[in-house]
Participant: 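Sharing a structure, written as structure tokens. Questions coming.
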Amino acid sequence: MKAAVYLGGPQNIAVQDIPVPKTGKGEALLKIGACNICGVDLRTYKHGDAKIQPPRVLGHELSGTVVELEHGEAGVKVGDRIIMYVVIPCGTCVYCKKGRANLCETRSTMAYQHDGAFAEYMRVPKQALDNRQLIRIPEHISFEEAALSEPLGCVLNAHGRLNIGIKDTVVVIGAGPIGLLHGVVSKIEGANHVCLMDVSQKRLELAEQFGFHSYVPVSEQGNHIKTAQTLNDGLGPDVVIVACAAAQAQVDALEMAGKMARIEFFGGLPKSNPYANLNTNLIHYRELVLTGSFSSKIDDFTAALRLIVSGTLPSSKIITHRVALKDFLEAFEHIQSGRAIKVSIQPE
Ligand SMILES: [Zn+2]
Ligand SMILES: [Zn+2]
């Protein structure tokens, strides 16, 4: 079968012919329907990822059909169209017991410790089936739309702590797919005003179709901070979400936040320099609440699917490009051109 394989180090992903994975007792085989490109995949392509042992098939925003199943209690059957919650928790550590599988001490993840879904077929480990991590999807939902449950689940995990409601003015910094999902979810939650910011005018224009209340370019002179402070009758935003991997955006988020604002650092910074020069006095004097989030819990993942199935999420606007698996590397060209929002890889 064809698969996009990470071979270690920067710029080192290749489409190769590899054997269809063999499944053992308690495992399943999926025929991949679609696997969408994540920002993490682009980062791995550009810089490599020391956490991934090559060779490794990448791809974790996946959907497909169960074609082999040697497990009696997985909650799905052969022929079912499914999505998969890709974090495989141990189920017994203190975080798992608190329902926080994303923070599990010994979790493994598809496309990290197990081969992922930029391939025609993918093996599902027994532990994931024991945990019932394959979730059936309705017939009317396309594979590519269903696969949005993964990034959307991560966004919902963050929103679980932000408590956005009808009185809130929300600023999202970063107009990539994750930033757009944060903006859309804030609107669904009833936010009074959603303002989207980005350094790229092209990306802001692409985002206009989502109907946010305002679009503000990020400038080196800091005009976007002044603009944010005029929102909410001059009180500044109630919520600021940093949906990009830039230390300056984290600094700006604190500067623009209104008193008692909630601030979410959604993305991590590069591991080579994860420090930001934050004015922590702002946290003190304005009584800011600063939080982060990582990955998702399975209930976020299933909630995300419900938003897609009900049509609440405008999923067809988010997936802008489709690329055949054999042309995998073209996906990164689309993303880097600034014209794509989400690119879906399709095996056939
Ligand atoms: Zn992802
Ligand atoms: Zn655990």
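Order of listing sets the numbers, starting from 1, for every ligand and every atom in it. From a predicted model like this one, the values you see are computed outputs, not experimental measurements.
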Participant: Hey, what's the angle at the Zn ion (ligand 2) spanning SG (C93) and SG (C90), nearest 10 degrees?
Facilitator: 110°
Participant: Give me the one residue out of Q127, Q113, H114 that meets side chain to side chain donor-acceptor pair (under 3.5 Å) with S108.
Facilitator: H114
Participant: State whether F143 and R81 meet the cation-pi test: NZ (Lys) or CZ (Arg) under 6.0 Å from the six-membered ring centroid, and within 45° of the perpendicular axis.
Facilitator: yes
Participant: Can an N, O or S atom be found in D41 less than 2.8 Å away from the Zn ion (ligand 1)?
Facilitator: no
Participant: For the metal site, I want the angle between atom SG of C38 and atom NE2 of H60 with the Zn ion (ligand 1) at the apex, to 10°.
Facilitator: 100°
Participant: Among side-chain atoms of N36 and S344, is any donor-acceptor pair under 3.5 angstrom?
Facilitator: yes
Participant: Evaluate the criterion salt bridge (Lys or Arg N to Asp or Glu O under 4.0 Å) for residue pair E287 and K259; output intermediate values, then yes/no.
Facilitator: CA-CA 6 Å; E287 297 198 354; K259 289 181 180 174; over 6 Å; no
Participant: Assess whether side-chain contact (heavy atoms from CB on, under 4.5 Å) is satisfied between Q250 and L269, documenting all intermediate values.
Facilitator: CA-CA 10 Å; Q250 297 184 341; L269 297 180; 3.5 Å; yes
Participant: Strictly under 2.8 Å, is any N, O or S atom of C154 next to the Zn ion (ligand 1)?
Facilitator: no
Participant: By atom name, which N, O or S atom belonging to E61 lies closest to the Zn ion (ligand 1)?
Facilitator: OE2
